[in-house]
Amino acid sequence: MDCKNKDKNLTMCNCTYECSRKGICCECLHYHRKRGELPACYFNKEKEATYDRRINNI
Ligand code: SF4
């Protein structure tokens, strides 16, 4: 699915993991929410780099 906001979203995305949801924030949020996690943008640089997206890792 195309997202009209994808390019704009990517300018704000801090995620260093390459996946198909990158820049499509609604898909990213749903993916992680289902797993009890948060998207990369909730984590600081060090925590983001661990790829541990669990809520208690903030
Ligand atoms: S936070 Fe997760 S779903 Fe979102 S772009 Fe990064 S790896 Fe993909």
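In each ligand, atom 1 is the first atom listed, and ligand 1 is the first ligand listed. None of the values given here were measured: they were computed from a predicted structure.
- Here the side chains of Y31 and E27 are not in contact, with every heavy-atom distance at 4.5 Å or above.
- For the pair K47 and D52, the minimum side-chain heavy-atom distance is 4.5 Å or more.
- Of the possible polar contacts, one joining the R53 side chain to the E48 backbone as a donor-acceptor pair under 3.5 Å is found.
- Screening T16, N9, L10 against K22 for a side chain to side chain contact (heavy atoms under 4.5 Å, CB included) leaves a single residue, L10.
- A donor-acceptor contact shorter than 3.5 Å links the side chain of N14 to the backbone of A40.
- Clustering ILVMFWY residues whenever any of their side-chain heavy atoms sit less than 4.5 angstrom apart, transitively, puts I55 in the very cluster that holds F43.
- Excluding waters, the set of protein N, O or S atoms lying under 2.8 Å from atom 4 (Fe) of ligand 1 comprises C28 SG.
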